[in-house]
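One structure below.
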Amino acid sequence: MIRHLLTLVATLLLVGGPAGAAAQNIVPAVRDYEKRNGVFTILTTTKITHYPELRSLAKYLAESLPLSLREYNGESGGDIVLRLNKNLADEEYRLSVTPEGIVIEGGAYGGAFNGVETLLQLLPAKVYSGDMPLPVMVGCCEVEDAPRFTYRGFMLDVCRTWMTADEVKGFISVLAHHKINKLHLHLSDDEGWRVEILSHPELAEVGGFRGGDSPVAAIYGKWGERYGGYYTQQQLRDIVDYAAVRNIEIIPEIDLPGHSRDMARVMPEVLCNYTPSLAASDGYDTRNVLCAAKESNYALLKDILGEIAAIFPSRYLHIGGDEVDFSQWMSCPDCKALMQARGMSEGEQLQAYFMGRVAAMVEELGKVPGVWNEAVAGSRFTRNSQVYGWESIAAARKAAAEGYPTVVMPGQYFYFDMRQSAREDGHIWAAIFDARKCYSFDFAEQGFTPEEMRSVQGVEASFFSEAYISHRDMKPDYLYYMTYPRICSLSEIGWCGDGRAWDDFYGRLTAGHYSRLVAMGVGFRLFPPKVSYADGRLTASTDDHSRIYYTVAGEENGTEHEYTGPITTGKPQLYAFRSRFGEAVSPEAGVEARFRMSQPKVTVTSSIPPSTKYPYTNAASYDGRIAYTGRTCHNGDWVLYTFDEPVRCRRMEIRTGYIQLPRCIFEQGYMEVSEDGETFRRVCDLQNGIGVVDAPRHAIKAVRIVSTKDGNGAAFVTLQSPWVYPVLE
Ligand code: TNX
């Protein structure tokens, strides 16, 4: 008994009081939380008592709380009880913690699941690391809660970057803790086909791989090797089951009729009956649109979609419809004849025809077609489809106004492949935004009318993975860094919507939720520390319980020191700060001068003639600081950068390829520097088309990169002006 008491006291000390005190830190926030007096103590002998329909939920809970299960027989004293209550909406739940026990009631499985997730958040964060010490106390409370939207989704692109079934499951498990209930799986795209199709096995067996000996050329990294993978139908069923236990519905997407280059490389007969010239397409094979006039294509899609529908029990089957390039249809004799016969003049109309026929197949399979907003841009093909509004807020509103059930996901708030601040990794086409800006998304402020809101099913964020592939080896946490805590913001918008101020949310995140993410093993992004410099003192601070570290320019190996108080220095630009919390890390922060780049005058010459549109002269004036070569590179080709004046710097990078999407690069090669412009010294091999010289001892007069490989899959190479990091002194 005494031992028992001691353990209790120890647990109490460990978690700093009854765990119910953390209720304010629930993410997403609960609708009603009432604190009551007393605690319930979960002992090793406590049982999880459940309705027969909730057996898999009870097992799920037992993975976090190692308790034995028992089927409900009307008695419940001393237990954690999982029940259904038909008076509640499906995803609604009540959670009651009294000194006698814990009762979770859900309208349906999903409701009970949501209650279980809230219960986990009432426990110490350790519960997420799978070794929860018992006994543990839970503060008494009454919770009543229900989601704002029935659709709280996330889209994962497993095509551009291949993720194994286990990686997908790992990702699902964290989504589930945020009460996200849909995972939209982007299973086909130009660079990969990821689902086994028994009636056409070559789609996955050949099209699941790119590069190497595959007919599918690589565009986004791993250029030189055969790369990829696919899920067997069995693996997908297993993922579906795994997700279902976690109240997540998997919505499969086959992206049609565009984004189908991979399919077209495996089955060239799906293309239009004419061969467009590739000369105008930068060497990138743009023939990625299925011919709309070939009956054989509809037969093929019927086979494919039939199998997809059988694998995924979801109500929805997403058939894509984004970014269709109509130029091939417009030059195809068969498409032209079809358009003429049906009195069409625009590409949109033919797209509506195509999507309409495919949507009808989906409906015949008993499902609701999901489509990207472009699919309904022109003529409407069917009301019975769910529209994913991604291009803009206007596009999402338009679909909603027209009465389509609409999932709202404008890129500038919900595309988590976007950069989180100016100097970090990621795309920029939609915006640069962090979890705070994502959280600020407000339907009313964005002009959604009450009428439009009736069509809004919910929200979805996405992770498109073009850039992931080139970061993954060096940054294993990239996916989680890009998506958390932005998914926390998404989950709250979807769960309880606007009206709660950022400060309240941020308080819950940092005081409670960050620790949960750490216990889940998520390497997420912290907000950067605030840095200021005044009166010779350099100060860094955070308000998220993280620790701050700093490096000093010029110190060997970039040693990290822990920051413990203001640094007295006349050279604040030497210091870079970063905060850390578990595996989580912030981007670097410091005084502005720390990050300034110099732009010395430079002349670019090359063994490759320049493109006429973006020649080497005045490269610096191009948006994105890019010039193009006039052809692809050959083995031995070189580009020479000669500076007007020798450049002293702490680091110089020569980058080929476009920022973040290194496609048109020197795929293999090396970099040389010269102090006099005549004798060159080899300094490194290029990696991902980038060469780096760190801490050069002398001023650099010229740099040269040399290709050691023919071609790069594109018709040219893009060149960025040198990235010159000035000496900090
Ligand atoms: C647009 S979102 C796309 C994707 C890209 C993404 C990159 C959508 C329907 N199409 O093909 O991967 O941007 O952010």
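All ligand and atom numbering here is 1-based and tracks the order in the structure.
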### Task
Out of Asp322, Asn373, Ile428, indicate the one that has the non-hydrogen atom closest to atom 9 (C) of ligand 1.
Asp322
### Message
Quick one, Ile393 with Gln412, criterion side-chain contact (heavy atoms from CB on, under 4.5 Å). Give me CA distance, side-chain angles, the key distance, then yes/no.
### Response
CA-CA 9 Å; Ile393 287 163; Gln412 66 270 41; 3.8 Å; yes
#### Entry: Short N or O distance, Tyr415 and ligand 1, threshold 3.5 Å exclusive
no
### Query
Under 3.5 Å between some N or O of ligand 1 and some N or O of Glu466?
yes
### Query
When you measure from atom 14 (O) of ligand 1 to every protein heavy atom, which one gives the shortest distance, and what is it?
Asp417 OD2, 2.6 Å
### Query
Quick one: do Glu167 and Arg472 make a salt bridge, cutoff under 4.0 Å?
yes
### Task
Tell me which protein heavy atom sits closest to atom 3 (C) of ligand 1, plus the residue, atom name and distance to 0.1 Å.
Glu323 OE1, 3.4 Å
### Task
Verify the distance criterion only: is there a donor paired with an acceptor across the side chains of Tyr231 and Glu196 at less than 3.5 Å?
no
### Task
State whether Asp262 and Arg210 are salt-bridged, where the test is any N-O pair (Lys NZ or Arg NE/NH1/NH2 against Asp/Glu carboxylate O) under 4.0 Å.
no
## Note on the structure
When distances are taken from atom 13 (O) of ligand 1, the protein heavy atom at minimum range is Trp429 CZ2, 3.5 Å
### Task
Could you establish whether Glu391 and ligand 1 come within less than 4.0 Å of each other, counting only heavy atoms on the residue side?
no
### Query
Between Glu402 and Lys398, is there a salt bridge with N-O shorter than 4.0 Å?
yes
### Message
List ligand 1 atoms under 4.0 Å from His259, heavy atoms only on the residue side.
### Response
11 (O)
### Query
Does at least one non-hydrogen atom of Glu374 fall below 4.0 angstrom from an atom of ligand 1?
no
### Query
Would you say Trp390 and ligand 1 have an N/O pair spaced under 3.5 Å apart?
no
### Task
Of all the heavy-atom pairs spanning Trp390 and Asn373, show the shortest one and how long it is.
N-OD1, 2.9 Å
### Task
Tell me which part of Tyr388 gets within contact of ligand 1: side chain, backbone, both or neither, using heavy atoms under 4.0 Å.
neither
### Query
What atoms of ligand 1 come within less than 4.0 Å of a heavy atom belonging to Met418?
14 (O)
### Task
Taking only Lys NZ, Arg NE, NH1 and NH2, and the carboxylate oxygens of Asp or Glu, determine whether Asp425 and Lys475 approach each other closer than 4.0 Å.
yes
#### Entry: Single hit among Phe414, Tyr415, Phe433, Tyr439 for side chain to side chain contact (heavy atoms under 4.5 Å, CB included) with Arg486
Phe433
